[in-house]
A.B. asks: 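Mind looking over this structure? Questions follow.
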Amino acid sequence: MDKANVEPSLACARCGKPAHLQCPKCVELKLSREGAAFCTQDCFKASWSSHKSVHTKSKLATVMSGVASDYEGWKYCLKKGQMRTSEIPHFDWTGPLKPYPISKMRVVPGGIERPDWATDGIPKIEPNSELQTRVEIKTPEQIERMRETCRIAREVLDAAARVIRPGITTDEIDEVVHEATIAAGGYPSPLNYHFFPKSCCTSVNEVICHGIPDARRLEDGDIVNVDVTVYYKGVHGDLNETYFVGEVDEASKQLVRCTYECLEKAISIVKPGVRFREVGEVINRHASMSGLSVVKSYCGHGIGELFHCAPNIPHYGRNKAVGIMKAGQTFTIEPMINTGVWRDRLWPDGWTAVTADGKRSAQFEHTLLVTETGAEVLTARLPSSPNVFPWLDSS
Ligand code: MF3
Ligand code: CO
Ligand code: CO
């Protein structure tokens with residue numbers, strides 16, 4: 001915060017008193033002095049959490065005016081200030097997978113209730129909520145809404161699972177997710193969340209998570225994770241599964257099955273009184289038994305009226321997660337398991353997390369409710385769910 005020569009006519013953006021201080025970031029970005037002046041450091045600090053979005057919005061406008069006009073799609077991502085262009089950027093790609101063009105933003109009909117990031121890409125309630133540090137006990141009414149939303153999310157994921165085959169693009173999978181979500185009256189939570197440009201995440205082969213649906217066609221032998229989150233009746237439901245594309249090699253089959261089992265084993269310990277840090281112990285034990293490694297950078301999370309909140313649930317062993325489970329809490333468990341090293345790297349798009357050694361990664365996710373006796377899997381498979389995992393085949 002710099003002292004600056006501000007004309008006396010400027011009013012403090014917070015309290016309206018005469019302002020003599022100018023936000024230095026706004027000065028650097030050459031933004032309007034209106035709304036960027038403050039009377040004291042205290043007013044500046046108190047305004048920061050809401051004021052800072054001005055900077056992000058202006059960066060967005062700059063990126064959008066800088067892209068070639070021959071390509072309609074979204075090719076940027078502001079997270080970490082990075083973008084996707086039609087030329088493949090310079091990067092030390094860790095494996096064979098490369099980015100492809102991203103189609104334009106899909107539209108959600110006006111009648112559907114939208115989370116607060118839908119319009120400008122910036123979550124406003126979530127980062128400032130006290131539920132980032134306190135684990136909420138849901139009311140019976142909230143729980144009933146969570147059940148409804150999670151069931152819709154499951155049906156949306158199942159619709160995506162049914163179209164997976166060699167030749168389909170991950171963008172076409174995104175279209176199925178988008179259309180199924182809005183047909184159910186929901187909003188696809190990832191869409192514009194911190195500027196994420198699509199309605200779900202599709203993570204192929206060495207992508208650990210947060211892959212952006214694009215024009216790449218799935219190939220025979222790929223594995224692909226589809227991660228769906230639906231916002232409906234004011235709450236989010238979040239789940240994902242990893243699917244086989246055509247005939248995959250034996251090592252990939254083992255990876256995906258072991259990851260599925262890691263989630264099952266983690267869910268089996270959930271009940272009141274259990275420490276959140278135990279989840280990672282169970283997952284680590286099962287993965288390392290099969291010679292596989294556990295991703296550390298991405299964790300399970302509390303969920304409800306907020307997409308991501310407390311508790312934080314690491315999937316790796318010897319973690320320092322705080323707190324114990326109580327009936328009425330809702331959270332996700334979503335282990336990401338790697339064939340090779342646990343370490344992850346981020347693509348230049350600021351979203352796509354890949355394995356550092358380019359070997360394959362798999363993930364499964366459920367949204368859970370802690371009950372008096374154990375866990376209710378709110379996103380559980382339904383009798384109608386497609387039979388895509390050979391180890392679940394009863395016939
Ligand atoms: N569904 C993811 C999760 O399990 C989050 C995706 S956020 C997005 O937490 F912006 F990448 F879509
Ligand atoms: Co999640
Ligand atoms: Co998810």
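Counting convention: from 1, in listed order, for ligands and their atoms alike.
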A.B. asks: Do the two ring centres, one from Y187 and one from Y232, sit under 6.0 Å apart?
C.D. replies: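 Judged by ring-centre distance (under 6.0 Å), Y187 and Y232 do not meet the cut-off.
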A.B. asks: Mind listing the closest non-hydrogen atom pair of Y260 and R381 along with its distance?
C.D. replies: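 Looks like OH-CD, 4.4 Å.
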A.B. asks: What protein heavy atom lies closest to atom 9 (O) of ligand 1? Include the residue and the distance to one decimal.
C.D. replies: H308 NE2, 2.7 Å
A.B. asks: W351: heavy atom below 4.0 Å from ligand 1, yes or no?
C.D. replies: yes
A.B. asks: For atom 3 (C) of ligand 1, what's the nearest protein heavy-atom neighbour? Residue, atom name and distance, please.
C.D. replies: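 Scanning the protein heavy atoms, the shortest distance from atom 3 (C) of ligand 1 goes to D238 OD2, 3.3 Å.
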A.B. asks: Going by atom types alone, do D238 and T367 pair a side-chain donor with an acceptor below 3.5 Å?
C.D. replies: no
A.B. asks: Specify side chain, backbone, both or neither for H301, according to which of its non-hydrogen atoms lie closer than 4.0 Å to ligand 1.
C.D. replies: side chain
A.B. asks: Once rounded to 10 degrees, what value does the angle at the Co ion (ligand 2) take between OE2 (E334) and OE2 (E365)?
C.D. replies: 80°
A.B. asks: Scan side-chain atoms only and decide if H236 and E305 contain a donor-acceptor pair under the 3.5 Å cut-off.
C.D. replies: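 On atom types as modelled, these side chains do not qualify, holding no pair under 3.5 Å.
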A.B. asks: Is D222 salt-bridged to R216, cutoff N-O under 4.0 Å?
C.D. replies: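 Yes, charged N to carboxylate O under 4.0 Å.
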A.B. asks: In terms of side-chain heavy atoms, does N225 have a donor or acceptor partner in S203 at a distance below 3.5 Å?
C.D. replies: no
A.B. asks: Heavy-atom contacts with T229 under 4.0 Å: which atoms of ligand 1 show up? List them by number with element.
C.D. replies: 1 (N)
A.B. asks: How does S189 reach ligand 1, if at all, at less than 4.0 Å between non-hydrogen atoms: by side chain, backbone, both, or neither?
C.D. replies: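 Looking at S189 and ligand 1, no heavy atom falls under 4.0 Å.
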A.B. asks: Got a salt bridge between R145 and E141, using NZ or NE/NH1/NH2 to carboxylate O under 4.0 Å?
C.D. replies: yes
A.B. asks: Please tell me whether F276 and F331 form a close aromatic pair, meaning their ring centres lie under 6.0 Å apart.
C.D. replies: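 That pair passes the under 6.0 Å test.
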A.B. asks: How far is atom 4 (O) of ligand 1 from its nearest protein heavy atom, and which residue and atom is that?
C.D. replies: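 Minimum-distance protein heavy atom for atom 4 (O) of ligand 1 reads E334 OE1, 2.8 Å.
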A.B. asks: Using a strict 4.0 Å threshold on nitrogen-to-oxygen distance, state whether E281 and R285 make a salt bridge.
C.D. replies: no
A.B. asks: Among all the protein's non-hydrogen atoms, which is closest to atom 12 (F) of ligand 1, and how far away is it?
C.D. replies: P190 CB, 2.9 Å
A.B. asks: Would you mind checking which non-hydrogen protein atom is closest to atom 7 (S) of ligand 1, with the distance to 0.1 Å?
C.D. replies: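 Checked against all protein heavy atoms, atom 7 (S) of ligand 1 sits closest to Y193 CD2, 3.9 Å.
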A.B. asks: What N, O or S atom of D238 is found closest to the Co ion (ligand 3)?
C.D. replies: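 It is OD1, the N, O or S atom of D238 closest to the Co ion (ligand 3).
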A.B. asks: With a cut-off of 2.8 Å, does H308 place any N/O/S atom under that distance from the Co ion (ligand 2)?
C.D. replies: no
A.B. asks: Which protein non-hydrogen atom lies closest to atom 2 (C) of ligand 1, naming both residue and atom, and how far is it?
C.D. replies: D227 OD2, 3.3 Å
